[in-house]
Amino acid sequence: MSSLEFHIGQRVTAKVRTGVYIGEIVERYDPRLVVQVLAVVKHPEQGDLHHPYNPDVPMFHERRALAYTEKTTVLPRDVEHYEGDIPDYKESLLHAAQQELEKLDKLNRWTAKSMENIKALMESY
């Protein structure tokens, strides 16, 4: 999508690195849009973006969600129109963080089960 398809005051979802936010376009800074954050849909992932799911990197980054009313520049390809109610920022932040924790817990449990299976298989090899 081109930035011309969006206008100031429009509500959108915006992907920023590994997070997703609901916000409002406050400025067009071609080719980017300036979006003011109003709620969190997906909490940013932790660690090194170039080596996802690798804990053994020189710097394991802590990524905070963007703050309420924080402005960020976003390419139009990472923005979609948003219709609907905007949830309370704090509630949406805590919900998104909880969802990220649940996703990581599921991955952790999958890893443990996979390790059990591989160890059992190794005994028969």
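Just so you know, these numbers use all the heavy atoms, side chains as well, and skip hydrogens, waters and symmetry mates.
- No side-chain donor from either of Q99 and H43 sits under 3.5 Å from a side-chain acceptor of the other.
- Side-chain contact between L49 and R63 is present, with heavy atoms from C-beta onward closer than 4.5 Å.
- Counting heavy-atom neighbours within 6.0 Å of D105 CG, excluding the residue itself, gives a total above 12.
- Under a 3.5 Å cut-off, the side chain of Q10 and the backbone N or O of H7 do form a donor-acceptor pair.
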**Message:** Under the criterion side-chain contact (heavy atoms from CB on, under 4.5 Å), I'd like the reasoning laid out for Q46 against F60: C-alpha separation, chi angles, the key distance, then a yes or no.
**Reply:** CA-CA 7 Å; Q46 305 304 298; F60 194 91; 3.9 Å; yes
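- Note that the CD1 atom of I118 and the OG1 atom of T111 stand 11.5 Å from one another [nearest 0.5 Å].
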**Request:** Take V26 and V35 through the test side-chain contact (heavy atoms from CB on, under 4.5 Å) and record every step on the way to the result.
**Result:** CA-CA 6 Å; V26 293; V35 175; over 6 Å; no
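- Separation of atoms CG (L93) and NZ (K90) is listed at 6.5 Å; rounding is to 0.5 Å.
- Two different hydrophobic clusters hold V34 and V79 under the rule that ILVMFWY side chains link at heavy-atom gaps under 4.5 Å.
- Minimum heavy-atom separation, G84 to Y82: O-CE2, 3.5 Å.
- At most 12 non-hydrogen atoms from other residues, nucleotides or ligands lie less than 6.0 angstrom from CZ of R17.
- For the residue pair H51 / N54, no side-chain donor-acceptor distance below 3.5 Å is found, with atom types taken as modelled.
- Looking at every heavy atom in both residues, P76 comes nearest to F6 through O-CE1, 4.1 Å.
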**Request:** Determine, step by step, whether V74 and V16 satisfy the side-chain contact (heavy atoms from CB on, under 4.5 Å) criterion, reporting the C-alpha distance in whole Å, the side-chain angles of both residues, the deciding distance to 0.1 Å, and the verdict.
**Result:** CA-CA 7 Å; V74 186; V16 181; 4.1 Å; yes
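- A donor-acceptor pair is defined here as one N or O able to donate and one able to accept, closer than 3.5 Å; such a pair exists between the side chain of S92 and the backbone of V40.
- A donor-acceptor contact shorter than 3.5 Å is absent between the side chain of K42 and the backbone of Y21.
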**Request:** Could you walk me through whether V37 and Y68 pass the side-chain contact (heavy atoms from CB on, under 4.5 Å) test, one step at a time?
**Result:** CA-CA 6 Å; V37 173; Y68 180 65; 5.9 Å; no
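- Two residues are said to be in side-chain contact when any heavy atoms from C-beta on lie closer than 4.5 Å; I22 and V41 meet this criterion.
- Note on E116 versus K113: no salt bridge recorded, every NZ/NE/NH1/NH2 to OD/OE distance being 4.0 Å or above.
- Residues L75 and I8 fall into different hydrophobic clusters, defined by Ile, Leu, Val, Met, Phe, Trp and Tyr side chains chained together at heavy-atom separations under 4.5 Å.
- Taking all atoms of both residues into account, the shortest heavy-atom contact from H61 to D48 is CD2-CA, 4.1 Å.
- A salt bridge links E45 to K103: at least one charged side-chain nitrogen sits closer than 4.0 Å to a carboxylate oxygen.
- The environment of E62 atom CD is sparse: at most 12 non-hydrogen atoms of other residues, nucleotides or ligands sit within 6.0 angstrom.
- Rounding to the nearest 0.5 Å places CZ of R32 at 13.0 Å from CD of E27.
- E100 places no side-chain N or O within 3.5 Å of a backbone atom of A97 that could act as its donor or acceptor partner.
- Atom CG of N117 is separated from atom CG of L121 by 6.5 Å, given to the nearest 0.5 angstrom.
- Residues L38 and E24 form a side-chain contact, since some pair of their non-hydrogen atoms from C-beta on lies under 4.5 Å apart.
- Remark: N108 CG to K106 NZ distance equals 13.5 Å, nearest 0.5 Å.
- Residues Q98 and L94 have side chains not in contact (no heavy-atom distance under 4.5 Å, counting atoms from C-beta outward).
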